[in-house]
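FYI, side chains are in, hydrogens and waters are out, and symmetry mates aren't considered; it's all heavy atoms of this structure. Counting convention: from 1, in listed order, for ligands and their atoms alike. Keep in mind the model is a prediction, meaning the values are calculated, not measured.
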Amino acid sequence: MKITIGAINDKPGSSKNYKTGSWRTLKPVINLEKCKKCWLCKQLCPEGCITKKEEGPQINYDYCKGCGICAHECTFDAIIMELEER
Ligand code: SF4
Ligand code: SF4
């Protein structure tokens with residue numbers, strides 16, 4: 001479907017209904033032993049799909065598109081991108 005300039009979203013706030021994680025070809029995997037809980041990955045994830053947990057960051061794979069920003073920006077190399085297998 002082509003979205004025309006000036007198109008209107010007639011269902012604002014509906015993004016939760018669209019599980020964009022199915023677009024992913026690479027999957028971020030967190031090594032909690034290396035993680036220092038700096039939360040940079042949470043700040044920079046464009047999908048907002050990383051949440052703070054007691055044990056460290058948790059990725060919601062229903063919405064993670066596998067962009068790799070979290071892995072690229074993690075100073076402690078605690079996130080690696082693996083090939084998605086479905
Ligand atoms: S950026 Fe890396 S070290 Fe910081 S919270 Fe995320 S995984 Fe942990
Ligand atoms: S790969 Fe991209 S979308 Fe997925 S958790 Fe990391 S920053 Fe967020």
message: Checking contacts here: is it the side chain or the backbone of I79 that comes within 4.0 Å of ligand 1, counting heavy atoms only? Could be both or neither.
response: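 Side chain only; the backbone of I79 stays clear of ligand 1.
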query: Side chain or backbone of K34 under 4.0 Å from ligand 1, or both, or neither, by non-hydrogen atoms?
result: neither
- request: Measure the spacing between CD of Q43 and SG of C70 and express it to the nearest 0.5 Å.
  value: 13.5 Å
Identity and separation of the nearest protein heavy atom to [atom]:
| atom | result |
| --- | --- |
| atom 6 (Fe) of ligand 2 | C70 SG, 2.3 Å |
| atom 5 (S) of ligand 1 | W39 N, 3.2 Å |
| atom 2 (Fe) of ligand 1 | C74 SG, 2.3 Å |
| atom 8 (Fe) of ligand 1 | C35 SG, 2.4 Å |
| atom 4 (Fe) of ligand 1 | C38 SG, 2.3 Å |

Any side-chain heavy-atom pair of [X] and [Y] under 4.5 Å:
| X | Y | value |
| --- | --- | --- |
| I80 | P28 | no |
| L83 | L26 | yes |
| K52 | K42 | yes |
| L32 | P57 | yes |
| D77 | K34 | yes |
| I69 | P46 | yes |

message: Restricting to N/O/S atoms, is C41 within less than 2.8 Å of atom 2 (Fe) of ligand 1 or not?
response: no
- request: Below 4.0 angstrom from a heavy atom of F76, which ligand 1 atoms are there? Numbered from 1 as shown, please.
  value: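 Checking each atom against F76, I get 3 (S).
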task: Heavy-atom contacts with K36 under 4.0 Å: which atoms of ligand 1 show up? List them by number with element.
output: 3 (S), 8 (Fe)
- prompt: Should the pair R24-E84 be classified as a salt bridge under the 4.0 Å nitrogen-to-oxygen rule?
  reply: yes
Atoms of ligand 2 less than 4.0 Å from [X] heavy atoms?
| X | value |
| --- | --- |
| C67 | 1 (S), 2 (Fe), 3 (S), 7 (S) |
| K65 | 3 (S) |
| P46 | 7 (S) |
| C45 | 3 (S), 5 (S), 7 (S), 8 (Fe) |
| G66 | 1 (S), 4 (Fe) |
| E47 | 3 (S) |

task: Kindly indicate, with the supporting measurements, whether the criterion side-chain contact (heavy atoms from CB on, under 4.5 Å) is fulfilled by I30 and I59.
output: CA-CA 9 Å; I30 301 175; I59 298 171; 3.8 Å; yes
message: Using every non-hydrogen atom in the two residues, find where I50 and C41 come nearest and quote the distance to one decimal.
response: CD1-O, 3.6 Å
message: Other residues, nucleotides and ligands only: do more than 12 of their heavy atoms fall within 6.0 Å of CD on E55?
response: yes
- request: With heavy atoms under 4.0 Å as the rule, classify the contact between I50 and ligand 2 as side chain, backbone, both or neither.
  value: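 The answer is the side chain of I50.
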